[in-house]
Amino acid sequence: MAKNELTLTGEEIESAVSAMFKKNYLPGRDFYVQIDKRFVSYKGELQSIQDDQKGVDIGNLNYNLGIYQDKLLTLLSQGYSVKILDLLIISPVVRGSVKSISEAKSQRVFTVKITPLPLLLDSVKNLSISDIKVAEKKVLISQILGLEDLEGALVAGKAASVRGDNLKLGAEGSGVYFAPVGDDGKESEDREKWIKVEKVLRNVNSELLVILPNTLKEGKYIVIIETLYSSKGVRKIPLIGKSEIVEVKGE
């Protein structure tokens with residue numbers, strides 16, 4: 001059974017959900033609430049129907065639902081919008097935008113739009129939040145830019161800007177490291193191969209201005225930041241953030 005998947009029984013499921021309070025990194029927005037997903041298995045739904053509606057033949061129901069699904073998919077493939085009971089409407093739409101009529105005619109990137117109907121919306125309007133958790137703070141590395149290369153490339157021995165959130169380095173034990181990337185696309189787990197940045201010229205939550213070590217060789221790396229900084233003192237356990245794979249030029 002998949003994680004967080006439920007098998008329905010005839011008993012009523014509590015009409016409340018758990019939620020996570022998270023930092024929102026979009027401009028102008030501080031936080032958002034993410035509902036913890038609870039999934040119901042297809043077999044669980046059928047079993048629940050059988051428990052609630054005595055005498056229902058689950059085998060026939062499953063067979064008929066399969067036919068219904070095939071018909072809906074056929075209609076969608078023919079360009080029709082389809083109404084699923086009184087719950088929702090699924091319509092084929094073109095993804096993105098086009099610049100001309102000819103481009104529109106040649107467009108082949110389609111997706112679907114799902115429009116909920118009032119009955120579906122009414123089913124969730126009385127839900128409540130039973131508990132809400134605050135997501136743990138983490139280091140976010142959003143951009144690494146070389147400052148002494150016209151194309152922003154990272155060059156050994158030159159200045160670079162690391163931007164993101166919660167980047168500020170704290171007490172001894174904090175650091176910025178370049179971990180070599182292997183053929184499998186993962187950083188080396190051998191910390192002795194990590195190369196530490198020794199010169200940090202700017203140290204704030206949103207940016208670290210650093211001088212890349214001269215010992216960095218050309219190649220691919222993942223930048224790892226470990227910080228013990230806290231506005232309330234020193235952390236006992238470091239916050240850790242990892243970048244996407246970056247490439248470094250030789251000095």
Side-chain angles (χ1 to χ4, degrees), residues 1-26 29-136 138 140 184-186 244:
M1 182 176 293
K3 183 180 180 182
N4 294 333
E5 187 175 280
L6 302 176
T7 298
L8 289 179
T9 66
E11 300 176 358
E12 182 179 358
I13 293 179
E14 183 181 0
S15 297
V17 295
S18 297
M20 183 70 75
F21 194 63
K22 292 187 174 183
K23 173 75 173 176
N24 193 333
Y25 296 100
L26 294 176
R29 299 184 181 183
D30 295 327
F31 299 93
Y32 68 95
V33 175
Q34 183 180 61
I35 300 298
D36 288 346
K37 293 182 176 63
R38 298 183 296 172
F39 294 97
V40 178
S41 68
Y42 177 66
K43 290 182 179 180
E45 293 177 65
L46 293 180
Q47 184 61 51
S48 176
I49 292 173
Q50 188 175 50
D51 292 341
D52 295 339
Q53 306 292 331
K54 302 301 182 183
V56 172
D57 189 325
I58 294 300
N60 283 337
L61 178 59
N62 188 38
Y63 176 75
N64 290 327
L65 286 174
I67 294 176
Y68 181 55
Q69 174 179 276
D70 291 343
K71 184 61 176 178
L72 294 178
L73 293 175
T74 298
L75 290 171
L76 281 169
S77 70
Q78 294 171 344
Y80 288 96
S81 293
V82 296
K83 182 180 179 182
I84 311 297
L85 305 177
D86 290 322
L87 301 178
L88 52 90
I89 296 173
I90 302 178
S91 306
V93 295
V94 176
R95 181 182 300 164
S97 58
V98 294
K99 299 179 181 179
S100 65
I101 293 177
S102 60
E103 184 179 346
K105 288 182 177 180
S106 62
Q107 179 64 264
R108 291 294 183 270
V109 183
F110 289 88
T111 185
V112 294
K113 176 183 178 182
I114 298 177
T115 305
L117 297 176
L119 186 62
L120 181 62
L121 296 174
D122 286 345
S123 69
V124 297
K125 70 179 182 181
N126 292 323
L127 279 174
S128 61
I129 295 180
S130 60
D131 63 284
I132 187 165
K133 298 166 283 188
V134 178
E136 294 183 4
K138 62 181 180 180
L140 174 69
D184 59 357
K186 299 180 180 179
E244 300 292 330

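In this chain, residues are counted from 1 in sequence order. Small disclaimer: the values here were computed from a predicted structure and weren't measured.
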How many angstroms lie between atom CG of Leu119 and atom CG of Leu117, to the nearest 0.5 angstrom? 8.0 Å
Across all chains, not counting sequence neighbours, the side-chain contact (heavy atoms from CB on, under 4.5 Å) partners of Ser123 are Leu120
Among all residues two or more places apart in sequence or in another chain, which pass the side-chain contact (heavy atoms from CB on, under 4.5 Å) test with Gln78? Thr74, Leu75, Tyr80
Show which side-chain atoms of residues 60-70 pair as donor or acceptor with protein atoms under 3.5 Å away, not counting sequence neighbours.
residue: Asn60; atom: ND2; partner: Asp57; partner atom: OD2; Å: 3.3
residue: Asn62; atom: OD1; partner: Tyr42; partner atom: OH; Å: 2.5
residue: Asn64; atom: ND2; partner: Asn60; partner atom: O; Å: 3.2

With sequence neighbours left out, what residues match Val93 under side-chain contact (heavy atoms from CB on, under 4.5 Å)? Thr111, Lys113
Sequence-distant partners of Asp86, salt bridge (Lys or Arg N to Asp or Glu O under 4.0 Å), two or more places apart: Lys83
If I compare all heavy atoms of Ser81 with all of Ile89, which pair ends up nearest, and what's the gap? CB-CG2, 4.3 Å
Just how far is it from atom CD1 of Ile90 to atom CG of Leu72, taken to the nearest 0.5 Å? 7.0 Å
List the residues meeting side-chain hydrogen bond (donor to acceptor under 3.5 Å, both in side chains) with Thr115, not counting sequence neighbours, and say none if there are none. none
